[in-house]
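The structure appears right after this line, and notes come after that.
For clarity, every value in this text was computed on a predicted model and none was experimentally measured. Atom set for the values below is all heavy atoms of this structure, side chains included, hydrogens, waters and symmetry mates excluded.
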Amino acid sequence: MLLTRITGPRDLDRLTPEELDQLAAEIRSFLVDAVSKTGGHLGPNLGVVELTIALHRVFDSPRDKVLLDTGHQSYVHKLLTGRQDFSKLKSKGGLSGYPSRAESEHDVIENSHASTVLGWAEGLAKANELLRKPDHVVAVIGDGALTGGMAWEALNNIAAAKNRPLVIVVNDNERSYGPTIGGLANHLATLRTTDGYERFLARGKDLLERTPVVGRPLYETLHGAKKGLKDFITPQGMFEDLGLKYVGPIDGHDIEALESALQRAKRFGGPVIVHCLTEKGRGYQPALQDEADRFHAVGKIHPDTGLPISASGADWTSVFGEEMVKLGEERDDIVAITAAMLHPVGLTEFAKRFPDRVYDVGIAEQHAAVSAAGLATGGLHPVFAVYATFLNRAFDQVLMDVALHKCGVTFVLDRAGITGTDGASHNGMWDMSLLQVVPGLRIAAPRDADQVRAQLREAVAVEDAPTVVRYSKGAVGPAVAAVGRIGGMDVLREPSESAGDSPDVLLVSVGALAPMCLEIADLLDKQGISTTVVDPRWVKPVDEELPVLADLHRVVVVVEDNIRIGGVGAAVAQALSDGGFDMPVRNFGIPPRFLDHASRKEVMAEIGLTAPDIARQVTGLVARIGGRYGHESADAGSQGAEVTRPTTAEPVRD
């Protein structure tokens, strides 16, 4: 096989055109076989095989910087830079699903949030210019990512330096996850080249400027008509009016044509856009037949059919999607917003049922938040469904546009907490810390499917403030029943009768960690430590009854799937302090560091966010403060004890 002989980009230089085509076919076969076993981003990588080969033949990585926006299309790049062991792709100890500096010197940036690559490229090109480096910078960005505002902020600056070399490759497959939408998509769909146009204009300028009296005015008149003429012949003017040379569109699966275009762009000496037309999922029929997202990301599948290896149960996303349809049927004012991720965030069925009430804004989370404020002000109730990690990008808009104006907007945060296999940039571990500082905003953290349904309904009932509903990735577990209610909090477990009026630990369980918190309580009970477990349901603001309940215990423990700094634990500690309650508060959550890719379970074990780890530390804490349990070191058991409801709790009523 040719692929096994490729250990680095320069090995490509020796291949004939026929061998390059053979290599492309081998890469596609390899990707289908490997990714079907591990899961991963299959469709995007099948679409960029020839483009990636051409890039590495024309540019000399790592001296030349090849930057990939988002990076989910980096698998081919990895193969051509000596990384061909995909057996543990996205698993602990294996290759990352995105570019990774720890893996290779060929990986320059590894942030997998879209639309950032042009800013990186502009900065690197400036550095090359200042340091007089002859190195090239090439940025690969998809048409979907060009819908993001950051891309256009960068283009505005790139165009201002007409003599600063920078090659921008637009990978145009008419899709991000699903089909790319909006005015830019329509523009790219009609772009064509006009050979010789610029040479004609330059020669005309020289001739007319040498013509006495009428030459210069005539040229100005013709130049003023340039945009209309160019747009009539070919609508490429949007880029060139910015001062960016445009080349294309190029067949993104023709290696020879790609190399020719890239070589011309490389020699130009200024900013150039090379527009490449590619096909997401190319060469794999099951992907091409998938209208939703062309196998953008898959789990383990049968390579021949593309069907899942095993059927998955209900997940958090589908529970939300089903409830949204019900809400849409009940309320005409409910509308949905997505940032180019209709299917991944569970809005597909809502869109089918209410196509006029769904707005896909492209990869533009900031605009989505501001647009939501406008929709709310106009009399509707928008629900913006977005991955928790991507809401980070719209924080200022949530603060100053939605919250300041007291707009009734509901943000639904999918993939909150530790997501694991997609690595550092995809963990939704910052939202509850960032959003704690937003005045008036309320955050719900459902513990199970029933609570997703209930709290989503509670959220959309709020019309004078933003609300947030956040939940985890993957399968949703069984319902966790409440045994009582205190204020707005669900009591999930009560202390044993032997605890009397002074139980040891108030354990505050946040969201999907409820089953683990109940396990912690079982382990503590085995050691003679009495525990009350409550689910606050709405973690912001802190329930008024929580400090009062905490005062009945010796120590408060908060367990959350969020960074420890500034999260729910910090808010609980502040509420206790503000209320004049002086007691130890111990918060267990995610440490303030970027987490390597691994399964959710493996990541949680690595950071000590497991029932045995937490129970062991709480046991020591209770011992140090003189609690009922007096032996700091003991093996935590796993057997529970029968409990009764304390007099402070009211029964939950259906």
Side-chain angles (χ1 to χ4, degrees), residues 41 44 48 52 55 61-62 64-74 77 96-104 106-128 136-161 164 166-173 175-177 180 182 184 239 242 244 271 273-274 296-297 339-341 344 361-369 386-397 415 419 422-431 434 594 597:
H41 289 96
V48 297
T52 309
L55 283 167
S61 177
D64 293 335
K65 301 298 184 287
V66 178
L67 315 177
L68 304 175
D69 192 78
T70 308
H72 55 238
Q73 79 284 40
S74 64
H77 164 77
S96 167
Y98 296 91
S100 170
R101 288 179 171 180
E103 287 180 8
S104 172
H106 295 279
D107 292 2
V108 183
I109 56 175
E110 54 188 73
N111 173 19
S112 48
H113 288 190
S115 310
T116 63
V117 72
L118 299 186
W120 273 95
E122 194 257 356
L124 281 165
K126 283 179 178 174
N128 284 346
H136 296 277
V137 178
V138 54
V140 181
I141 185 169
D143 57 306
L146 275 178
T147 63
M150 287 186 64
W152 291 93
E153 292 174 24
L155 282 172
N156 183 53
N157 284 273
I158 289 169
R164 184 182 297 142
L166 173 58
V167 178
I168 300 167
V169 176
V170 177
N171 172 32
D172 182 2
N173 61 19
R175 289 174 172 267
S176 46
Y177 281 82
T180 306
L184 175 65
F239 294 120
L242 284 172
L244 300 167
I273 285 183
V274 180
H296 180 87
M341 300 180 72
V361 301
I363 302 178
E365 292 85 1
Q366 291 173 295
H367 168 68
V386 60
Y387 284 9
T389 184
F390 297 147
L391 189 72
N392 299 350
R393 316 181 82 177
F395 171 76
D396 183 68
Q397 288 68 37
R415 274 75 162 173
T419 57
D422 278 330
S425 65
H426 270 52
N427 288 310
M429 53 188 271
W430 291 279
D431 58 290
L434 290 171
F594 295 110
H597 65 278

Do [X] and [Y] make a side-chain contact, defined as non-hydrogen atoms from C-beta onward lying under 4.5 Å apart?
X: H77; Y: D107; result: yes
X: L68; Y: V48; result: no
X: N392; Y: L434; result: yes
X: H296; Y: P44; result: yes
X: E103; Y: S96; result: yes

Residue pair [X] / [Y]: nearest heavy atoms and the distance that separates them:
X: V108; Y: K65; value: CG2-CD, 3.8 Å
X: L244; Y: P271; value: CD2-CB, 3.5 Å
X: A154; Y: G119; value: CB-N, 3.6 Å
X: S115; Y: G148; value: OG-CA, 3.5 Å
X: A125; Y: V137; value: N-CG2, 4.0 Å
X: W430; Y: N427; value: CZ3-O, 3.2 Å

Who pairs with [X] by side chain to side chain contact (heavy atoms under 4.5 Å, CB included), at least two apart in sequence or on another chain?
X: D422; answer: H41, K90, Y98, H426, K473
X: N156; answer: none
X: T116; answer: D69, N111, W120, M150, R393
X: A364; answer: V361, H367

Sidechain-backbone polar pair: [X] side chain, [Y] backbone, donor-acceptor under 3.5 Å:
X: Q73; Y: G71; value: yes
X: T389; Y: S425; value: yes
X: T147; Y: I363; value: yes

**Study point:** Listed once per pair and sorted, the salt bridge (charged side-chain N to carboxylate O under 4.0 Å, His left out) pairs that draw on residues 108-120, sequence neighbours left out
**Key:** none
I'd like to check the side chain to side chain donor-acceptor pair (under 3.5 Å) partners of [X]; sequence neighbours left out, ordered by chain and number.
X: T70; value: none
X: D431; value: R470
X: E365; value: none
X: R101; value: none

Review point. CG of L55 to CG of D64: how many Å apart, nearest 0.5 Å?
Key: 11.0 Å
Check your understanding: How long is the gap from CG on L391 to CD on Q366, to the nearest 0.5 Å?
Key -> 10.5 Å
Check your understanding: Testing L155, L146, L67 for side-chain contact (heavy atoms from CB on, under 4.5 Å) with I141, which one passes?
Key -> L146
Check your understanding: Residues in ring-ring contact (aromatic ring centres under 6.0 Å, His included) with H597, at least two apart?
Key -> none
Review point. Under the salt bridge (Lys or Arg N to Asp or Glu O under 4.0 Å) test, which residues partner R415, sequence neighbours left out?
Key: none
Point to revise | Pair V140-V117, side-chain contact (heavy atoms from CB on, under 4.5 Å): steps then yes or no | key: CA-CA 7 Å; V140 181; V117 72; over 6 Å; no
**Study point:** CA sep, side-chain torsions, deciding dist, call: V170, I273, side-chain contact (heavy atoms from CB on, under 4.5 Å)
**Key:** CA-CA 7 Å; V170 177; I273 285 183; 3.9 Å; yes
